[in-house]
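Beneath this line is the structure, given in structure tokens, with notes to follow.
What you see is a predicted model, and the numbers here were worked out from it, not measured in a lab. Proteins come first, then strands; the chains are lettered A, B, ... in the order of their sequence lines, and each starts at number 1.
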2 protein chains.
Amino acid sequence: MLNQSAVLDRVFHALADPSRRAMVDRLSRGTASVSELAEPLRMSLPAVVQHLQVLQDSGLVTSQKVGRVRTCRLDPEALTQVEGWIAQRKRTWESRLDRLGHFLEEQ
Amino acid sequence: MLNQSAVLDRVFHALADPSRRAMVDRLSRGTASVSELAEPLRMSLPAVVQHLQVLQDSGLVTSQKVGRVRTCRLDPEALTQVEGWIAQRKRTWESRLDRLGHFLEEQ
DNA sequence: CGATTGGTTAAGCATGTACTTAAGTATTGC
DNA sequence: GCAATACTTAAGTACATGCTTAACCAATCG
């Protein structure tokens, strides 16, 4: 079982690249083959496969090969985890502001 | 005006490091000086300052120096932007599943 | 004033990242 | 069977990242 922080490292890193975000965006609209993912990107196919590997290592994407075609799909669970991390920090920040507001009211 | 994608690049990159997430976490609880941010981290002060620079470049953190102390604070707006990006991809993914479900029902 | 505190700057280094081209391996269509 | 398709693997390269130590500066304390 991979620890929480390592997962966040990988998912944030995976999403820090515009080509990989474009791939995630494409996959949010439905499954795609490797060449379909590559088509809008101005880079070689091996480069796309390397990005795909990063996405798979992060857990954001899964894939399976049937015949000579590899079909990729988004696994939104990893997205949910980073969403949760962010939401929690925002909540802490906001509750601190609330306490500060109440404190000032009482003065 | 920095474009949307470049902001996402920087914010995701900034959050992809556990030390920088620890700093954001600390700042979600309230402002802190550079040495307060450094205290729980096992690294030199210059290393912490470099991480802080990455956080500032991303817009996640702002700071100002008074006397010899630099006070850092979280700016949650950048967090809101990445949260929004993620939420939108999840929505697209879910609405596709919905349409797929309706389609199967109709068969 | 002289020492300490809090931070900054510069330089160097090991490792990681994002590509590339070249060459290969299975399917599948004709 | 032969060629085209859809990847896959390997190797190389340029640049970025995450640290380090050493030296520095400016505000404050005694």
Side-chain angles (χ1 to χ4, degrees), chain A residues 2 5-27 30-74 78, chain B residues 2 5-27 30-74 78:
Chain A
L2 208 51
S5 180
V7 170
L8 290 172
D9 282 5
R10 289 168 193 231
V11 178
F12 278 123
H13 169 73
L15 293 176
D17 181 278
S19 303
R20 287 194 294 259
R21 280 200 307 280
M23 292 166 77
V24 168
D25 190 46
R26 168 65 188 80
L27 291 174
T31 61
S33 69
V34 174
S35 10
E36 281 166 352
L37 286 177
E39 195 272 322
L41 303 175
R42 285 117 144 280
M43 66 181 68
S44 67
L45 200 63
V48 172
V49 172
Q50 284 168 49
H51 282 306
L52 182 59
Q53 193 56 53
V54 172
L55 288 169
Q56 294 200 119
D57 290 349
S58 78
L60 279 165
V61 170
T62 60
S63 74
Q64 53 187 358
K65 200 164 179 177
V66 175
R68 62 186 169 180
V69 172
R70 176 172 299 279
T71 300
C72 307
R73 78 184 61 237
L74 190 62
Chain B
L2 207 51
S5 179
V7 171
L8 290 173
D9 282 6
R10 289 168 193 233
V11 178
F12 277 124
H13 170 73
L15 294 175
D17 181 278
S19 304
R20 287 193 294 259
R21 281 200 307 280
M23 292 166 77
V24 168
D25 190 45
R26 169 65 187 79
L27 291 174
T31 61
S33 69
V34 175
S35 11
E36 281 167 353
L37 286 177
E39 194 272 323
L41 304 174
R42 287 117 144 280
M43 66 180 68
S44 67
L45 201 63
V48 172
V49 172
Q50 284 169 48
H51 282 305
L52 182 58
Q53 193 56 53
V54 172
L55 288 169
Q56 294 199 121
D57 290 348
S58 77
L60 279 164
V61 170
T62 60
S63 73
Q64 54 186 358
K65 200 166 179 175
V66 175
R68 62 187 169 178
V69 173
R70 176 172 297 281
T71 300
C72 307
R73 77 182 64 237
L74 190 63

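What separates CG of Asp57(A) from P of dG16(C) is a distance of 14 Å, to the nearest Å. Going from atom CD of Gln53(B) over to atom P of dA16(D) covers 16 Å, rounded to whole Å. Here the C1' atom of nucleotide dG16(C) and the CG atom of Asp17(B) are 13 Å apart, to the nearest Å. In this entry the distance linking CE of Met43(A) with C1' of dA18(C) reads 8 Å, nearest Å. As rounded to whole Å, 13 Å separates atom C1' of dG18(D) from atom CG of Asp9(A). The interatomic distance linking Arg70(B) (CZ) with dC25(D) (C1') rounds to 14 Å, in whole Å. Between the CG atom of Leu45(A) and the C1' atom of dA18(C) there is a distance of 15 Å, rounded to whole Å. For Glu39(A) and dA6(D), the CD to C1' distance is 15 Å, given to the nearest whole Å.
For the pair Val54(A) and Val34(B), both in contact range of DNA chain C, the more 5′-proximal nearest nucleotide belongs to Val34(B). Between Glu36(B) and Ala47(A), the residue anchored nearer the 5' end of DNA chain C, judged by the nucleotide with its closest heavy atom, is Glu36(B).
Of the candidate nucleotides dT17(D), dA11(C), dC19(C), dT17(D) has the atom nearest to the side chain of His13(B). In the set dC19(C), dC19(D), dA10(C), the nucleotide with an atom closest to the side chain of His51(A) is dC19(C). Residue Val69(B) places its side chain closer to dG6(C) than to any other of dC19(D), dG6(C), dC7(D).
The phosphate of dT8(D) (OP1 or OP2) has a side-chain N or O of Lys65(A) nearer than 4.0 angstrom. A close approach under 4.0 Å does not occur between any side-chain nitrogen or oxygen of Ser35(A) and OP1 or OP2 of dT5(D). Between Ser33(A) and dA6(D), a side-chain N or O to OP1/OP2 separation shorter than 4.0 Å is absent.
Remark: Arg42(B) CZ to Ser19(B) OG distance equals 10.5 Å, nearest 0.5 Å.
Note on Ser44(A): a base of the nucleic acid sits closer than 4.0 angstrom, heavy atoms only.
One cannot find a donor-acceptor pair under 3.5 Å joining the base of dT8(C) and the side-chain atoms of Gln50(B). Not a single donor-acceptor pair, N or O on each side, falls under 3.5 Å between the base of dA6(D) and the side chain of Arg68(A).
Counting heavy atoms from C-beta on, the side chains of Leu27(B) and Leu60(B) never come closer than 4.5 Å. Side-chain contact between Thr31(A) and Glu36(A) is absent, with no heavy atoms from C-beta onward closer than 4.5 Å. When side chains are defined from C-beta on, Leu52(A) counts as touching Val61(A), because their heavy atoms get closer than 4.5 Å.
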After noting the C-alpha distance and the side-chain angles of Met23(B) and Cys72(B), does the key distance pass the side chain to side chain contact (heavy atoms under 4.5 Å, CB included) rule? CA-CA 10 Å; Met23(B) 292 166 77; Cys72(B) 307; over 6 Å; no
